[in-house]
Chemist: 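I have a structure I would like to understand better, so I am pasting it below and will then ask my questions one at a time.
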Amino acid sequence: MKDGIFLCIAAVTVFGALVTAFSRSIINAALGLLLALVAIAGLYIFLSADFVAVSQILIYVGGVMVLLLFGIMLTSGGDNIFSNNPIMGAVPATLITTIFGLLGIYVVNTSGLTFYQGAYRATTRDIGHFLLREYILPFELVSVLIVVLIVGAGVMLRKELVIVRQAPQKKEGKK
Amino acid sequence: MNFLFFEGISQNPNSYLILAIIIFCAGIFTVLTRKNIIGILLGIELMLNAGALNFIAFSFFRHESADYSGHVFAIFVIVLAAAEAVVALAILLAVYQQRRSVSTDDISDLKG
Amino acid sequence: MTQFIYMFIFAVIYLLSIAVAAGFLTVVERRIAGRMQSRIGPNRVGPQGIVQWIADAVKALQKEDIIPTDAHSFLFKIAPYLVFMGVFLTLVPIPFGAYTLMENLDTGIFYVLAMASFVVIGVMMGGWASNNKWSLLGGMRSAAQMISYEVPAALAVFVVVVMAGTLNFQKIVFSQGASPVDWYVFRNPFAFIAFNIFFIAALAEGNRVPFDIPEAESELVSGYNTEYSGMRFLFFFLAEWGNLVVIGALVSTLFFGGWNFWFEYTLEFSVPGRYPIRFEVLGFLWFLFKVSIFVFIIIWIRWTLPRLRIDQLMDICWKYMVPIGLFASIGILLWMYFVPEKSLADTIMRYSMTSFGGLTILYFFYRVFQNLRVTKAKIYANPFV
Amino acid sequence: MDQMANYIWIIPAAPLLGFMINAGVSFFYGADAPAGLKKLSALLSPAVILVSFFIGLGIFLEMLGHGESERAVSQNLYTWIKAGTLEANATLYLDQLSIVFVLIITGVGFLIHLYSTGYMDHDRSMIRYFAYLNLFTFAMLILVMADNILLLFVGWEGVGLCSYLLIGFWFAVPKYASAGMKAFIVNRIGDFGFIIGFFMLFWGVFHYSGTTNIAFDSLKSVVGSLPGWYLTTISLLFFFGATGKSAQIPLYVWLPDAMAGPTPVSALIHAATMVTAGVYMIARMSFIFIATPFTLTVISIVAALTAFVAATIAITQNDIKKVLAYSTVSQLGYMFLAIGSGAFTAGVFHVMTHAFFKALLFLGAGSVILSAHHEQNILLMGGLRKKIPVTFITFFIGTLAIAGIPGLSGFFSKDEILWKVYSTPNEFFPELPLFLWLTGLITAGITSFYMFRLLFLTFFGKFRGDDEEAYEEVHESPLTMTIPLMILAVLSAVSGYIGLPESLGGQNLIHKWLAPVLALKEEPVVNHEMESHLMNLSILVSFAGAFMAYVLYILKPATPGVIAKTFAPIYKLLYGKYFVDEIYEAVIVAPLLKIRLMLNTFDHKIIDAFVNLTAVVTKAISRLHGIFDRVFVDGAVNNVATFTQYQAGIMRNLQNGSMNRYLYYIVGSFIMIYVFIRIL
């Protein structure tokens, strides 16, 4: 049963990832990504990481995906939204991706790491302790980063800073 | 080939690692083939998630007792991914306001 | 395997009850609206029109399922389910009694906040997929509004989490007591501020008046659900009124003691068999009572206050509620540090705030009856007309 | 140390302060200063001089209380120049010689400042005038108080500058302005000798004794190690400098022209103080001059000639100030006569008495000029004694003093000089003292004659002006002008008694006061009987001169014209001032101008040709360079650029601006790194 559910979720993940990779429509790609992200959150639950799973949904679905959808909607005019995500150079990309995948599988097979049987554990409290004890410095740095981010994003999108450049006129043939 | 290392697929670390590789490869393919910058961003998100999945998997399988460093790293990855998405989209919108395009072909002024 | 079957059965029961509750609430709201506007409201179908909602549902199911031309059909179809899913999933960890809950999640309230984001996606998708500029605007506004108001809501929740020391709903309920003195809302001023912020933010997140900008009829026809009809519209509908229940349940659980009813419960009662079934029933009813009070208040607000403008909405969020929320979350830390529980200051503060709250309610009723006396108006308090 | 000696610095500082304030006001307001500021300036400028005078007087009184060798005081202000081992300090130094000059400068200076407040009352640029006057006082004080020869030179040049500024004070009149320039240029000629002199002195002192200290005290002790010929050269050059400043032959020509300035300036600068700077300088460096008998002989001859020539010119002059100017030159000749005989004390004594009576005469002349509405020709005056009695009396006393009438100061100092000249033997020409004495005696007679001529023509007889109205309007000067006259008259009358010669039973106080600091020749000859005889002779000569003047200008006023006609060539020679200016014009100036033209031609023809040739050659060379540049250097540079561009063309493919390409690079290199690390 568990394996079955796992396989379903894994299949959904792979399906979402493949949609992201191969869809010609940017909005479908984004939806594929959304599917993959939610499914990965499900995988996290298999790995006893419910807090991370919830974080994943909160941040990716509630934040990043909304932002990406905003971005798509703001930058895609009219009808071409379904076909403005062209795929080019598929052959070399496939080649490189295949090489990378084979390499990864090779590494997984030859890693020689020892693994233990994992078990479900309540994690929230312990993650809090880790964050505020061992990883307090990166934690604070992330907060600084986010402040910088807020300010930076705000400054970047201020109207008066944006210089609207005239679209280059197509030159008529010289007579 | 020790693909099925432990009993049960859901309890086998390699299944998670292989899944992560697949997601990562999908991400690489997306990144390499897209001309739309948002498409590239989507690929990057996929790759980051593959990495986070690896972190969680190793945290689950590599320790006899509880150790949540992997979780913490996964959270950092998620947060940084969000940050990166925000900055990237801000830049993207600024570029779009200037050039009315988000294709990498049109944003190639920086030539050697 | 049996575990999953049980889970499935529970899920179906939840789904049905939320549908029934939401449908029933539509009738209730229309009745209340009628009373407030000096009219009767639906009263034909069934006694006092109480099964009106069934008639509506049947009508909606029979309608033609229209998908506009040039709409992105897949997204158009999936959007209402996403919205409904977002609302329905939030019910999973909310405890209606000591046992009456789906899953006692360790990440409880955090999970609820996360699931709410599906609503955002769904609303956006629906608005965008309709290929209608009003819908698109509604969806955009809705997304912006919901994401913005998640911040003060999270800050208010932070206050409660700090006081309880856990994210788990059951533990939050246990750490409060049955009597109003033990409720978090009357524990200290910061929690009271947090309650207000959370309530307002929840209204905004649920797109309720005065924050129903995304579906403002006079501006956007009907917002993101303009193009929807029939069954799909019903899902948006269900989600909206289910959201009322969720808001009421969250507020009751977080700030008003949840299902704790007169008795001092401890964690030991949570062991199966140690807990009498009558307590469970009484607690459930008590919880429902609290929820219906808040639902009534929300409906009341809807028919009382005018709608805000979009810029006012954002101003309220970012210029007032977020700073106040930050103030409250820092203040609660200091309070927890300097005023230990059961200390004299803590006790005095609890009792004084509780009595202040009670006196406020009493004063409200006094003013109501005073006004009635002065204006010599008749009160039609009988709901069964 | 004494109390007052700490305040030496105030003596020059006070006039400097006055100068700064006046100059600031003048600079700010120009010629349009408000009347209040003018009054303030007229109050301030004499006051600062008075301060200096009182400080000097205090120091003098303190000096009196000390022994002969302990009277010198000095104050080091700061190190002025420090170059290698040479060190020139700005040190103020006061000894018996300096204090006499300080008192003359500040005392007479104060009176003249006071007089100026009346004399310049109506001038627009009065504040500027006082600024110059204060600056002059400052420079003069620096000159006499200098501790070393360099600082002395600062004062020396400073007074020259002020003299120039004041002669040309009314610079709007071209004649006056050119007179100022003439004074300056002639002085520069003298200064040239002076500069070479003290460069040689430095070098010589350093070369022969190794000393680099240039203070006078130090020089005095090392001068003996210099060879005689070298020292003689130096002293001749110094004397040449002194002839410029003190108006001796051949450089006296500027002094009569200097009368273009305001009359008080003539009194202060060109009679009382600045022109005696040469005397002071030689007296200060008497230790050099006393060691060079040849120079002393030259000085004697030049001085005697100057005295005689100037006196003869003065006979025929009609301008009241010109007469006094030539008289000044003549009297300066007397002073140098004394120096030439090694009688420095007598020279300084005459400086002092001359300062009093010549200042008196000039101021009196100024008073007359002012009274007579700026008329300076004595032939157009006459009979003024009734109109301006105070001026007349004081002028009369001054005339008596300069003429050598017994009992007045001029008599004593002049007779002292004549006796010293007579009694001092000369090493080169044994008869020279006698001739010098005779010249001096005759000059004394002439002096008496022309001074009384001036007096009679001005104050006696009838008014010879154009109309009676002008005569009626003649009036006495204000008190600010007459009080200085009266004070100076008293001083002219009595100051001689501090140098009362021993032959008359006096103490000769001034000699005793100065002797310790001045190098003197061997012990003076004491022969009171001979001295008395000579004195009687000189009295006789003076009275003779005065009588002749009385006869010619009071009794028979027509006679001078007859005499002039009879001896017309001589008269013309004298009236034309021996045509010295014309000779200078012909001998020096005209050749100089011709040389200038020649040099100009030389410049245009020869030097320019050289320059042009150089240019042509340079052009040709640069052509060659250009070809080399274009072919080889540019070729190399261009080849480097082409090569770089070629390489860049290959490398730029790495950066073609396409994001996808970059991503390929990233992933590809990642794979390669991984392969290298994990597999290889």
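Below, each value reflects all heavy atoms present in this structure, side chains not excepted, and no hydrogens, waters or symmetry copies. Chain letters run A, B, ... following the sequence lines, proteins first, then strands; residues in each count from 1.
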Chemist: To the nearest 0.5 Å, what is the distance between CG on D50(A) and NE2 on H71(B)?
Modeler: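 Taking CG in D50(A) and NE2 in H71(B), the distance rounds to 8.5 Å.
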Chemist: Indicate the atoms forming the closest heavy-atom contact of A74(B) with V52(A), along with that distance.
Modeler: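 Nearest heavy atoms, A74(B) then V52(A): CB-CG1, 3.9 Å.
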Chemist: Can you tell me which portion of L89(B) sits under 4.5 Å from chain A's heavy atoms? Options are side chain, backbone, both or neither.
Modeler: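 Just the side chain, heavy atoms under 4.5 Å.
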Chemist: If you measure from OG1 on T30(B) to CZ on F22(A), what distance do you get to the nearest 0.5 Å?
Modeler: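 If I round to the nearest 0.5 Å, the distance is 7.5 Å.
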Chemist: Looking at every non-hydrogen atom in both residues, tell me the closest pair between F60(B) and L47(A) and how far apart they are.
Modeler: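 Answer, listing the atom of F60(B) first, then L47(A): CD1-O, 3.2 Å.
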Chemist: Can you say whether S69(B) sits under 4.5 Å from chain A via the side chain, the backbone, both, or neither, judging by heavy atoms?
Modeler: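 Both backbone and side chain of S69(B) come within 4.5 Å of chain A.
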Chemist: Mind checking whether I127(A) and I75(B) have side chains closer than 4.5 Å, heavy atoms only?
Modeler: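 In contact.
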Chemist: By a 4.5 Å heavy-atom criterion (distance strictly below it), what part of S48(A) contacts chain B: side chain, backbone, both, or neither?
Modeler: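 It is both, since atoms from each part get that close.
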Chemist: Most heavy-atom pairs under 4.5 angstrom with chain A, which of L17(B), L19(B), V77(B)?
Modeler: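 Top count of heavy-atom pairs under 4.5 Å with chain A: L19(B).
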Chemist: Hey, what's the ring geometry for F24(B) with F100(A), parallel, tilted or perpendicular (30° and 60° as the breaks)?
Modeler: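 Plane angle under 30°, so parallel.
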Chemist: Can you tell me if R34(B) uses its side chain to pair, donor with acceptor, with the backbone of A21(A) under 3.5 Å?
Modeler: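 Yes; judged by distance alone, with no hydrogens or angles, the pair exists.
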Chemist: What part of A52(B) gets closer than 4.5 Å to chain A, counting heavy atoms only: side chain, backbone, both or neither?
Modeler: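 A52(B) touches chain A through backbone and side-chain heavy atoms alike.
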Chemist: Heavy atoms only, distances under 4.5 angstrom: which of Y44(A), F70(A), F139(A), F46(A) has the most pairs with chain B? Name it, please.
Modeler: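 Highest number of heavy-atom pairs under 4.5 Å: Y44(A).
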Chemist: Which atoms form the tightest heavy-atom contact between C25(B) and T97(A), and what is the distance?
Modeler: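 Taking C25(B) first and T97(A) second, the nearest heavy atoms are O-CG2, 3.2 Å.
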Chemist: Could you state the interatomic distance from CG (L43(A)) to CG (L53(B)), rounded to the nearest 0.5 Å?
Modeler: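 Here the interatomic distance stands at 6.0 Å.
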Chemist: A36(A) versus chain B, heavy atoms under 4.5 Å apart: side chain, backbone, both or neither?
Modeler: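 It is the side chain, since no backbone atom gets that close.
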Chemist: Would you call the rings of F115(A) and F58(B) parallel, tilted or perpendicular if under 30° counts as parallel and over 60° as perpendicular?
Modeler: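 Aromatic pair F115(A)/F58(B) classed parallel.
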Chemist: Determine whether the aromatic ring centres of residues F130(A) and F73(B) are separated by less than 6.0 angstrom.
Modeler: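 Not under 6.0 Å, so no.
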Chemist: Just checking F51(A) against Y68(B), ring centres under 6.0 Å apart?
Modeler: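 No; Y68(B) has its ring centre 6.0 Å or more from that of F51(A).
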Chemist: Can you tell me how far apart CD1 (I21(B)) and CD1 (I105(A)) are? Round to the nearest 0.5 Å.
Modeler: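 One finds 5.5 Å between CD1 of I21(B) and CD1 of I105(A).
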Chemist: Output the option from I78(B), I28(B), I91(B) having the highest count of non-hydrogen pairs under 4.5 Å with chain A.
Modeler: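 Among I78(B), I28(B), I91(B), the one with the most close pairs to chain A is I78(B).
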Chemist: Rounded to the nearest 0.5 Å, how far does CD1 of I38(B) lie from CG of L33(A)?
Modeler: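 That separation rounds to 12.0 Å.
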Chemist: Specify which of L145(A), L37(A), D126(A) makes the most heavy-atom pairs with chain B at under 4.5 Å.
Modeler: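 Option with the top pair count is D126(A).
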Chemist: Can you say whether I146(A) sits under 4.5 Å from chain B via the side chain, the backbone, both, or neither, judging by heavy atoms?
Modeler: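 Just its side chain gets close to chain B.
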Chemist: Heavy-atom distance under 4.5 Å to chain B: side chain of V142(A), backbone, both or neither?
Modeler: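 Looking at V142(A), just its side chain touches chain B.
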Chemist: Ignoring hydrogens, what is the shortest heavy-atom contact between T33(B) and A93(A)? Give both atom names and the distance.
Modeler: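 Closest heavy-atom pair between T33(B) and A93(A): CG2-CB, 3.3 Å.
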Chemist: So L32(B) and T94(A), side chain to side chain contact (heavy atoms under 4.5 Å, CB included) or not? Walk me through it.
Modeler: CA-CA 9 Å; L32(B) 290 183; T94(A) 315; over 6 Å; no
Chemist: Where is the tightest heavy-atom contact between I59(A) and A82(B), given as atom of each residue plus distance?
Modeler: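 I59(A) and A82(B) have their closest heavy atoms at CG2-CB, 3.6 Å.
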Chemist: Locate the shortest heavy-atom distance separating I26(A) from G39(B); write the atom from each residue and the value.
Modeler: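 Reported closest heavy-atom pair: CD1-N, 3.6 Å.
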Chemist: Of the backbone (N, CA, C, O) and the side chain (C-beta and beyond), which part of L7(A) lies under 4.5 Å from a heavy atom of chain B, both, or neither?
Modeler: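 For L7(A), side-chain heavy atoms alone lie under 4.5 Å from chain B.
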Chemist: Checking V72(B) against chain A: side chain, backbone, both or neither under 4.5 Å from a heavy atom?
Modeler: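 Contact with chain A is through the side chain of V72(B) alone.
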Chemist: Can you say whether P138(A) sits under 4.5 Å from chain B via the side chain, the backbone, both, or neither, judging by heavy atoms?
Modeler: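 Both backbone and side chain.
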Chemist: Say you draw a straight line from CZ of F29(B) to CD1 of I96(A); how long is it, rounded to the nearest 0.5 Å?
Modeler: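 Output value for this atom pair is 11.0 Å.
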Chemist: Can you list the steps and then say if F6(A) with Y16(B) is a ring-ring contact (aromatic ring centres under 6.0 Å, His included)?
Modeler: CA-CA 10 Å; F6(A) 171 78; Y16(B) 292 94; 5.0 Å; yes
